[in-house]
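Along the sequence shown, residues carry numbers from 1. Keep in mind that the numbers below use all heavy atoms, side chains included, and drop hydrogens, waters and symmetry copies.
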Amino acid sequence: MIDRKIEQAVLIGSQCVARSPGFDDDMVATAEQMIGKYGELPRRDRALFVAPLGKAICVVQVEGRQYYLLVLSLKLYRAIHNPFRIAGEYSPDFTAHGDLPGLQWTAGPTPGRKLADVQALLQADDSATLLGTAQAVVDGGRVAFARPSSDAETLQRIWSLLPDSVRGEATLATFAPSNALRFDLVAAPRIEGADFGHYLTEEQAGDYPEGRYELALQLAAETNDADAIDRLFARRSMSQAVRFALTLLLTAIVLGLAVRFIPWERLR
C-alpha cells in the first residue's frame, strides 16, 4: 500500500519560513540548497518545477522569490506521475509562517489519457517538436527550450505524450533562471554554457530521428487504437528495462553457479 502523505514547506528566498511536521531539519537544509541552485524568478513571474529531494520527490510552485514545496515519496509520485496535477490540487499560501499541517493525497489515481486528446496533440502545428521531444526524453535525452518566461503549456503537452514510467522519473521546469539542477525538460532564458551540455534545443528536438515509440504512437492515433495507446503509456522506461535485464542476468548467473556447485555425486 502506498503512503499518501505529503509534506509541505514555504521558502522565501532560500530560507524556510513555514513547514509541516514531517519536513525535518535535513529536508530543510536540502531544500534551501536546491532553491539556491534553482535561482530567483523576476518579480511576479511564476513557474513549476519537479526535482529529487533526498530520497523523495519535490514539486515546487514558484512566484518571484517565493517557493511552495510539496514533498512526496517516490512511490506516491510515480503512482501520480503528473506534477501539473499535483500542483493543481494544492495552491500555495506564501503568507504562511511557522507550522503547517501534513497533507494527504485524496484525489485518487491519475486518469488515463484519451485517444482524442493524443490525436489533437499529434495534429497540432508543432507536433514534430512535441513528438521529437517525447522520443528524446524516452531515449534518456534532455531537451531545453529558449523562453523569456514560463512555458507550462508546451511542457505540459509534451508531458501528455510520455509513458507513465518516464513521467515518474523525469524532472522538469516550466522555467528555470539557471539549469544547475540539470532538468530533463526545461524552459530557460538562455540555453548555453556547461549547464546545457548534451541538451537538445527545440529545433533539434523537432528534427530528432523517429524512434519506435514515436512511430507506434502515431500509428495508434491514426488507426484509432486506444488500447495500443494505453499499452504505450504503460511501457517500461529505459532505466526500468535496464534494471529488469540486469535482474534476469544476475538471476541466470546465480542459478548457473548454483547448478555448478551442487554435489551431484552425493545426491545419486
With side chains defined as the heavy atoms from C-beta onward, is the minimum distance between [X] and [Y] less than 4.5 Å?
{"X": "Leu161", "Y": "Leu217", "value": "yes"}
{"X": "Cys58", "Y": "Met34", "value": "yes"}
{"X": "Arg147", "Y": "Glu202", "value": "yes"}
{"X": "Gln66", "Y": "Pro92", "value": "no"}
{"X": "Leu74", "Y": "Ile57", "value": "yes"}
{"X": "Ile158", "Y": "Phe145", "value": "yes"}
{"X": "Thr30", "Y": "Met27", "value": "no"}
{"X": "Val138", "Y": "Leu162", "value": "yes"}

From [X] atom [atom1] to [Y] atom [atom2], the distance as rounded to the nearest 0.5 Å:
{"X": "Leu121", "Y": "Ser127", "atom1": "CG", "atom2": "OG", "result": "9.5 Å"}
{"X": "Phe175", "Y": "Asp45", "atom1": "CZ", "atom2": "CG", "result": "7.0 Å"}
{"X": "Ile80", "Y": "Leu72", "atom1": "CD1", "atom2": "CG", "result": "5.5 Å"}
{"X": "Arg235", "Y": "Arg212", "atom1": "CZ", "atom2": "CZ", "result": "8.5 Å"}
{"X": "Lys114", "Y": "Asp230", "atom1": "NZ", "atom2": "CG", "result": "12.5 Å"}
{"X": "Asp164", "Y": "Leu232", "atom1": "CG", "atom2": "CG", "result": "11.0 Å"}

Among the clusters formed by ILVMFWY side chains lying less than 4.5 Å apart, do [X] and [Y] turn up in the same one?
{"X": "Val59", "Y": "Ile6", "answer": "yes"}
{"X": "Leu181", "Y": "Leu41", "answer": "yes"}
{"X": "Leu48", "Y": "Leu76", "answer": "yes"}
{"X": "Leu185", "Y": "Tyr208", "answer": "yes"}
{"X": "Val137", "Y": "Leu155", "answer": "yes"}

Main chain of [Y], side chain of [X]: is a donor-acceptor contact present, judged purely on distance under 3.5 Å?
{"X": "Gln8", "Y": "Pro101", "answer": "yes"}
{"X": "Arg85", "Y": "Ala107", "answer": "yes"}
{"X": "Arg19", "Y": "Phe23", "answer": "yes"}
{"X": "Asp126", "Y": "Thr129", "answer": "no"}
{"X": "Arg167", "Y": "His81", "answer": "yes"}
{"X": "Asp184", "Y": "Leu172", "answer": "no"}
{"X": "Glu89", "Y": "Ile86", "answer": "no"}
{"X": "Ser178", "Y": "Gly39", "answer": "no"}
{"X": "Ser14", "Y": "Gly36", "answer": "no"}
{"X": "Glu7", "Y": "Gly22", "answer": "yes"}

Taking it one step at a time, do Tyr90 and Trp105 satisfy side chain to side chain contact (heavy atoms under 4.5 Å, CB included)? CA-CA 10 Å; Tyr90 302 100; Trp105 179 258; 3.7 Å; yes
Whether Arg142 engages the ring of Phe183 as a cation-pi pair (distance to the six-membered ring centre under 6.0 angstrom, angle to the ring normal within 45°) should be assessed. no
Identify the two heavy atoms, one from [X] and one from [Y], that lie closest to each other, and give their separation to 0.1 Å.
{"X": "Ala188", "Y": "Phe196", "answer": "CB-CZ, 3.7 Å"}
{"X": "Ala47", "Y": "Ser150", "answer": "CA-OG, 4.1 Å"}
{"X": "Ile12", "Y": "Phe94", "answer": "CD1-O, 4.2 Å"}
{"X": "Thr110", "Y": "Ala79", "answer": "OG1-O, 4.4 Å"}
{"X": "Gln135", "Y": "Glu214", "answer": "OE1-N, 2.8 Å"}
{"X": "Ile35", "Y": "Gly13", "answer": "CG2-O, 3.4 Å"}

Do Gln61 and Tyr67 meet the criterion of a side-chain donor-acceptor pair at a distance under 3.5 Å? no
I'd like to know if the side chain of Tyr68 pairs up with that of Asp93 as donor and acceptor (distance under 3.5 Å, no hydrogens or angles considered). no
Output, in order, the C-alpha distance, side-chain angles, deciding distance and verdict of side chain to side chain contact (heavy atoms under 4.5 Å, CB included) for Tyr213 and Leu131. CA-CA 9 Å; Tyr213 179 75; Leu131 278 167; over 6 Å; no
Are there more than 12 heavy atoms of other residues, nucleotides or ligands under 6.0 Å from atom CZ of Arg113? yes
Does Gln104 CD have over 12 foreign heavy atoms under 6.0 Å away? yes
Kindly indicate, with the supporting measurements, whether the criterion side chain to side chain contact (heavy atoms under 4.5 Å, CB included) is fulfilled by Leu103 and Leu70. CA-CA 9 Å; Leu103 302 172; Leu70 296 165; 3.8 Å; yes
Specify whether Phe49 and Tyr38 have parallel, tilted or perpendicular ring planes, treating 30° as the upper limit for parallel and 60° as the lower limit for perpendicular. parallel
Pair Glu222-Gln119, side chain to side chain contact (heavy atoms under 4.5 Å, CB included): steps then yes or no: CA-CA 8 Å; Glu222 291 168 1; Gln119 290 172 327; over 6 Å; no
